[in-house]
Peer 1: 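Please see the structure below; I have some questions.
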Protein chains: 2
Amino acid sequence: MVFYPGGEHLTSWRLPGGRPADYVTFEYYEHFARTAERAGFAALFYADELYVWDRFASGVEHVANVRPEPFGLLGALTRSTERIGLVATVSTTYNEPFHTARQVGSLDFLSSGRAGWNLVTSASDEEARNFGLERNLDHAARYRRGAEFVEVVTGLWDSWDDGAIRPDVASGRYADPAGLHVLGHEGEFFRVRGPLNLPRPPQGRPVLFQAGSSEDGRALAGRYAEAVFVPGSAPLPGAQRLYEDYKQRAVANGRAREHLLVLPALSPVLGETPARALEKLEEIEALTPDRLSLDWLSHHLGVDLSDRPLDERFEFDFTGGSNQVQTVFEGVRKLMDRERFTLRELYRTMLRRRFLPGTPEQVADWMTERFTHGAADGFTLAFSSLPAGLEEFAETVVPLLVARGVLAAELPAATLRENLGLPVPPSRYR
Amino acid sequence: MVFYPGGEHLTSWRLPGGRPADYVTFEYYEHFARTAERAGFAALFYADELYVWDRFASGVEHVANVRPEPFGLLGALTRSTERIGLVATVSTTYNEPFHTARQVGSLDFLSSGRAGWNLVTSASDEEARNFGLERNLDHAARYRRGAEFVEVVTGLWDSWDDGAIRPDVASGRYADPAGLHVLGHEGEFFRVRGPLNLPRPPQGRPVLFQAGSSEDGRALAGRYAEAVFVPGSAPLPGAQRLYEDYKQRAVANGRAREHLLVLPALSPVLGETPARALEKLEEIEALTPDRLSLDWLSHHLGVDLSDRPLDERFEFDFTGGSNQVQTVFEGVRKLMDRERFTLRELYRTMLRRRFLPGTPEQVADWMTERFTHGAADGFTLAFSSLPAGLEEFAETVVPLLVARGVLAAELPAATLRENLGLPVPPSRYR
């Protein structure tokens, strides 16, 4: 399960059952972490960004721009949960790998082997400006840096051999120097000597998640990721092709196909009837002011659409935006190649692609089909509203998935790696 | 109370009651955090460094070099404690202020106003090499960067006015754009636009601790720090002069003298009789191998002493070391000016200065005298062994301090700032 504090959508904080004033209140997160754990989710995945979206006034006025820093929050959640994995988002563009190795490794100790990290490369100039740059690194450089970052972090985790630290009070020997390794990394972006001042984490390596679906993003996933979030909206044949693409990339990198899990994104909007589910989706749409929708599109396309009429068809003749989230830009381009939309239609179509409206049975069917037909190893649930959407899903869809044998009735008390069926990687020095 | 995972001294992990295999085990920290809270300590202060001390083989073999990253650990401790302050060490040389503002600010929300941060500038080349540099920044540059870092972090905390975030579901207004401030900092070391994606912390600003006692360090403290750790070993008149020096620096910066707390360091070694306390101190000394003692001195003096005999008097003719912890170097120089020591005597003298051996009554007398005679606003307790030293102090010295009215019987359920008698700073935009 992945979450932004208020839910999957820009204004989902307005949905019934939301607690929009509580996004820096620990009990808010504790409540739905426990709910997700009880429902049998393998991991709680905390989405994060490093800026306030103030490029447009509408972003400040209508969007929930505040959220706690991941490691303190997930550290605290290690005390409120016992089995669920805790996955922190880390920007490889605006962090130092030595800090990240310690943060994620420490979380693995605090949680007794339940830590994961979600590698992002950061997509907006707003983030760059909080870290000394005027513009974000270009797309290819971000992914080269991301790959090097993974090499450094995983190298640092191997600093101490398992068993090298065996304090012996009598002799005064705390550790065996022969079991300590100096990384000595020198690359394009980083020079990091090491070693890390933390033993090898309980999982060997905390699990690496990733979401890039551009060519660079997929290449990185094939090489390093152990679980990828992929768009979930394609029809089954497309979803199968996407699934197979990631698997083949893992194999091409000399890895077993089952060691890269493909987890399509899914944001269900549940209703007792199909009509009611659609109606709820329309209610979600209606919560977003036109102005905000337009600004969101302007942001992702890298052009200013603010003077364009909302309800006239238009030509898509932009070339910008490729240094934002490339996949969003490409998605819009493809949509507009097929059909000339109005801006309002375009925005609505983009939004709808993220949601799956249906009855609990329909959603369970959709998930079961993908799971059993080579299109998903699991799912990345992102709820339109929190905590209500999660609670509803846990009550109505989860029992159906358990009955169909797609989901275990209870999450085992094991490491995240074990619960995902991933092996413990050996140290690079063994 | 300040702590390194195993206690105040290089080999104190060897002392009776130690748990040297547990330094990445949460329950270890939870146990003594709760003990400190019950004893009425205002804050738990987590010392941290960003390297393994592997310059000498003895450092790897005999020293406990591993410890968790501060924010995950203190985040988890917010769940195990209710009243005690939680202070994280932050290197201003090897961090980005945007991350630090979020980390410390989030800890303040997670703990309902119990967060503090301890500004350090990092003193060793080992740390530099984990962050892309060959050598540490020079001493003056580190402190200039530290000052600028504080300006950026405190500026980011003021990004949102109190009350600017008042989500209104009906109108769709999450925040008032007029209450959001863009920092737009451009300085020698940092360019940070902001705003921060976190509301103003519960304490306005989490409390700023600092320990530098060089001229640069004191200047920084006078300008920004709200509590300083100072060496506790000087006789009373010297301690009073030191106390007054910090107070005057605060006043010279236009601040009230009571808004900079001076907290002398104190590492008691308790015995039922004075003789037994001294004996225990000798036991502590005996735990450190000669080789390690020598290497520790070499490190701090910036010269290689390994070929010098331990038991012959020598001339102190070094000029290096000034880019390490300047105060240690100066302390040795002054000692050697007074008397020509052997290396063994020098090391023992340096070590002894950090400890106060005595009966519980003697230690309580010492503390009471300094507290009532203008030499201390409180103390920074650093125990020779953990958790045993803390437990012993809580059982024997704390009741005496309470009886003398120097310590409250119970820590109030309040913010750290309130418990330290510090005012909430207004936002810079008010």
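Every value quoted in this text rests on a predicted model; they were computed, and no experiment measured them. Naming: A, B, ... by sequence-line order, numbering from 1 per chain.
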Peer 1: Main chain of A/P195, side chain of B/D54: is a donor-acceptor contact present, judged purely on distance under 3.5 Å?
Peer 2: no
Peer 1: Going by side-chain contact (heavy atoms from CB on, under 4.5 Å), name the residues that satisfy it together with A/T78, two or more places apart in sequence or in a different chain.
Peer 2: A/L86, A/L107, A/L110, A/S111, A/R114, B/A76
Peer 1: Non-hydrogen atoms of chain A under 4.5 Å away: do they reach the side chain of B/E96, the backbone, both or neither?
Peer 2: side chain
Peer 1: Is there a donor-acceptor contact under 3.5 Å from the side chain of A/N130 to the main chain of B/G194?
Peer 2: yes
Peer 1: What part of A/A164 is in contact with chain B, defined as an atom under 4.5 angstrom from a non-hydrogen atom: side chain, backbone, both or neither?
Peer 2: neither
Peer 1: Run the salt-bridge test on B/E30 and A/R79 with the 4.0 Å N-O cut-off and return the result as yes or no.
Peer 2: no
Peer 1: Given heavy-atom pairs under 4.5 angstrom as the criterion, report whether the side chain, backbone, both or neither of A/W53 touches chain B.
Peer 2: neither
Peer 1: Hey, is the main chain of B/L50 close enough, under 3.5 Å, to the side chain of A/H99 for a donor-acceptor pair?
Peer 2: no
Peer 1: Check whether B/V152 gets within reach of chain A through its side chain, its backbone, both or neither, counting any heavy atom under 4.5 Å.
Peer 2: neither
Peer 1: What part of A/Y23 gets closer than 4.5 Å to chain B, counting heavy atoms only: side chain, backbone, both or neither?
Peer 2: side chain
Peer 1: Check whether B/L287 gets within reach of chain A through its side chain, its backbone, both or neither, counting any heavy atom under 4.5 Å.
Peer 2: neither
Peer 1: Output the residues of residues 14-21 of chain A for which the shortest heavy-atom distance to chain B is under 4.5 Å, in residue-number order; output 'none' if no such residue exists.
Peer 2: A/R14, A/P20, A/A21
Peer 1: Got a sec, which residues hit side chain to side chain donor-acceptor pair (under 3.5 Å) with A/S58, two or more places apart in sequence or on another chain?
Peer 2: A/D295
Peer 1: What pairs with A/F109 under ring pair (Phe, Tyr, Trp, His ring centres under 6.0 Å), at least two apart in sequence or on another chain?
Peer 2: none
Peer 1: Between A/S106 (side chain only) and B/P68 (backbone N and O only), is there a donor and an acceptor less than 3.5 Å apart?
Peer 2: no
Peer 1: Any salt bridge between B/D125 and A/R193, counting N to O under 4.0 Å?
Peer 2: no
